[in-house]
Novice: 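Please see the structure below; I have some questions.
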Protein chains: 2
Amino acid sequence: MMMVRKRSEDLSPKHIRILEFLAKYQEEYDRPPSIREICAKVGISSTSVVNYDLDQLERRGFIIRDDRVSRGLRLTEKIKEVVQVVGDLLHIPIVGQIAAGLPLPDLQPGVAYITENEAHAVDIARSLLPAKEKGNDLYALEVKGDSMIDAMINDGDIVVMKPAVEARNGEMVAVWLPDKNEATLKYFYKEKDGYTLRPANPSMKPIHIAKNRQLEIKGKVVMVIRKMDTMKL
Amino acid sequence: MMMVRKRSEDLSPKHIRILEFLAKYQEEYDRPPSIREICAKVGISSTSVVNYDLDQLERRGFIIRDDRVSRGLRLTEKIKEVVQVVGDLLHIPIVGQIAAGLPLPDLQPGVAYITENEAHAVDIARSLLPAKEKGNDLYALEVKGDSMIDAMINDGDIVVMKPAVEARNGEMVAVWLPDKNEATLKYFYKEKDGYTLRPANPSMKPIHIAKNRQLEIKGKVVMVIRKMDTMKL
DNA sequence: TTTATACTCGAACAGGCGTTCTGTGTCAAG
DNA sequence: CTTGACACAGAACGCCTGTTCGAGTATAAA
């Protein structure tokens with residue numbers, strides 16, 4: 001009969017703690033810890049157990065071990081799926097697309113999301129974001145179609161967003177208009193009789209939303225990135 | 001009498017070779033080499049000599065050594081003065097502004113420029129650029145005014161550019177039109193009777209440039225970055 | 001020459017290090 | 001129950017590694 005035990009791809013809490021320590025140590029010292037340092041900090045009493053666990057982590061693709069080399073382990077990209085690596089780079093998952101007819105993903109503020117497919121992510125330098133921003137809950141959307149053109153945003157652009165359900169005046173937000181079945185990016189202004197959504201392009205007309213009409217704020221726009229397809233050859 | 005010997009801040013060719021090897025090894029393995037690995041690769045026959053040299057490099061601020069720790073040395077920022085460190089981040093200087101009335105800076109392709117004021121620069125993740133792009137000669141311009149609005153580019157946006165004096169069809173270029181005294185960003189198309197410059201916004205009309213009119217291509221647009229002023233408080 | 005400093009070399013030491021082996025205990029399937 | 005896979009502990013082995021020491025060479029100042 002088939003084994004119904006723990007699947008070999010799973011990670012135990014101890015594995016997570018080891019990966020977290022590896023990332024933290026690497027970040028601080030620019031080198032991996034020794035096995036005995038892992039013992040001490042993760043709370044494992046034998047080097048052989050750490051060796052045992054490291055072999056498992058290697059088999060699962062999180063690290064690469066170099067035989068008989070002190071501190072001979074390297075973190076792979078896959079570790080980003082488990083722990084937030086605090087470096088100069090912020091790893092932001094592209095969780096979906098934004099288009100006129102598509103509903104916007106519903107993400108909770110303050111929660112970090114991870115994508116199964118790591119090809120869909122963008123790395124942003126921390127220096128490009130406000131200093132206060134930790135950025136753990138940022139996510140990105142790929143713009144499909146030309147419906148955001150009056151927000152000065154093109155087909156193919158990447159918008160980096162921060163989860164939010166409300167906004168202050170002057171902030172650019174991603175909103176979902178249920179009665180128009182439309183997602184859009186606009187500057188947000190609250191007024192006494194409702195809301196005004198202003199396009200980034202000042203030559204286009206703002207949209208007024210009466211108080212009784214529905215309006216769902218899905219997040220604030222933090223950054224827009226447009227990659228040109230130059231230099232393909 | 002004063003010593004006229006080698007000044008203690010100078011770096012011997014051997015020191016340079018060691019620093020180059022340290023940076024290369026660190027880049028490849030995410031850890032520093034051992035002293036004996038330095039011996040072998042740099043061509044020094046005794047570990048004590050390497051130890052001797054590492055102490056000098058530490059005293060001069062290029063590395064930090066951790067006592068009695070295997071591979072216990074860390075590269076400091078100062079190493080960038082000596083060797084080109086290839087990392088995940090690309091440091092792109094903002095060399096000026098781009099606006100309707102301002103001439104565009106004249107930069108040579110293939111030359112790396114550095115700004116004296118390091119506050120004016122953006123860090124871009126290498127993963128956001130095409131794999132082939134080395135990126136040493138990239139520079140950035142800050143957009144001033146709304147004159148680029150038909151290129152879907154806003155006031156305050158950052159455009160990352162690659163120096164170029166010619167372009168292929170479909171590439172977005174920064175051009176200077178001497179007879180109109182204007183800088184602009186447009187998609188470039190060469191035709192038999194001249195050139196056509198198409199705005200990124202398809203609803204705007206393209207500009208046709210006759211063969212006899214002047215047109216100076218200053219560079220290709222690689223990326224556009226728009227930072228929102230959200231989260232200021 | 002003498003003296004001082006800088007640099008190099010080889011060897012050895014002591015502890016750090018990855019690795020291996022034996023043994024124990026747990027848990028679920030047969 | 002027995003069996004086997006899995007997880008953990010402890011000890012030991014032997015190489016790896018940073019460090020230290022004594023000695024030698026070279027250059028330049030006194």
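Each chain gets a letter, A, B and so on, in the order the sequences are listed, and its residues count up from 1.
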Novice: Using a cutoff of under 3.5 Å, can you pull out all pairs of nitrogen or oxygen atoms linking the protein to nucleotides 20-24 of chain D, with atom names and distances?
Specialist:
none

Novice: Give a yes or no on this: more than 12 heavy atoms of other residues, nucleotides or ligands lie within 6.0 Å of atom NZ of B/Lys41.
Specialist: no
Novice: Within this structure, what is the CG-to-C1' distance between A/Asp53 and C/dG18, rounded to whole angstrom?
Specialist: 15 Å
Novice: Look at the side chain of B/Arg71 and decide which nucleotide, out of D/dT17, D/dC8, C/dT8, has an atom nearest to it.
Specialist: D/dT17
Novice: Check whether any side-chain nitrogen or oxygen of B/Lys14 sits under 4.0 Å from OP1 or OP2 of C/dC7, and answer yes or no.
Specialist: no
Novice: So, for B/Lys14 and B/Ile44, which heavy atoms are closest and what is the spacing to 0.1 Å?
Specialist: CD-CD1, 3.8 Å
Novice: Does A/Gln56 place a side-chain N or O at less than 4.0 Å from the phosphate oxygens OP1/OP2 of D/dC6?
Specialist: no
Novice: I need the CD1-C1' distance between A/Ile35 and D/dG10, as an integer number of Å.
Specialist: 15 Å
Novice: If a pair satisfies ring-ring contact (aromatic ring centres under 6.0 Å, His included) and one of its residues is in residues 22-42 of chain A, list it, with sequence neighbours excluded.
Specialist: A/Phe21-A/Tyr25, A/Tyr25-A/Tyr29
Novice: Whole Å only: how far is the CD1 atom of A/Ile38 from the P atom of C/dT19?
Specialist: 11 Å
Novice: What is the distance from atom CD of B/Glu142 to atom CD1 of B/Ile158, rounded to the nearest 0.5 Å?
Specialist: 5.0 Å
Novice: How close or far is atom P of D/dC8 from atom CG of A/Asp55, stated in whole angstroms?
Specialist: 14 Å
Novice: Closest nucleotide of DNA chain C for A/Gly72 versus for B/Ile44: which of these residues is on the 5' side?
Specialist: B/Ile44
Novice: With a 4.0 Å cut-off, would you call A/Lys218 and A/Glu216 a salt bridge?
Specialist: yes
Novice: Is a salt bridge present between A/Arg31 and B/Asp66, judged by a nitrogen-to-oxygen distance below 4.0 Å?
Specialist: yes
Novice: Test for a donor-acceptor pair under 3.5 Å between the base of C/dG16 and the side chain of A/Arg36, counting only N and O atoms.
Specialist: no
Novice: Please determine, for the side chain of A/Tyr52, which listed nucleotide (C/dT8, D/dT19, D/dC6) has the closest atom?
Specialist: D/dC6
Novice: Just call it for A/Glu37: base, sugar-phosphate, or nothing, with non-hydrogen atoms closer than 4.0 Å on any strand.
Specialist: nothing
Novice: Taking only N and O in the side chain of B/Ser70, is any of them less than 4.0 Å away from OP1 or OP2 of C/dC17?
Specialist: yes
Novice: Just how far, in rounded Å, is P of C/dC7 from CZ of B/Arg59?
Specialist: 10 Å
Novice: State the CE-CG distance between A/Met223 and A/Leu138, to the nearest 0.5 angstrom.
Specialist: 8.5 Å
Novice: Can you check whether A/Arg65 has a side-chain N or O nearer than 4.0 Å to OP1 or OP2 of C/dT19?
Specialist: yes
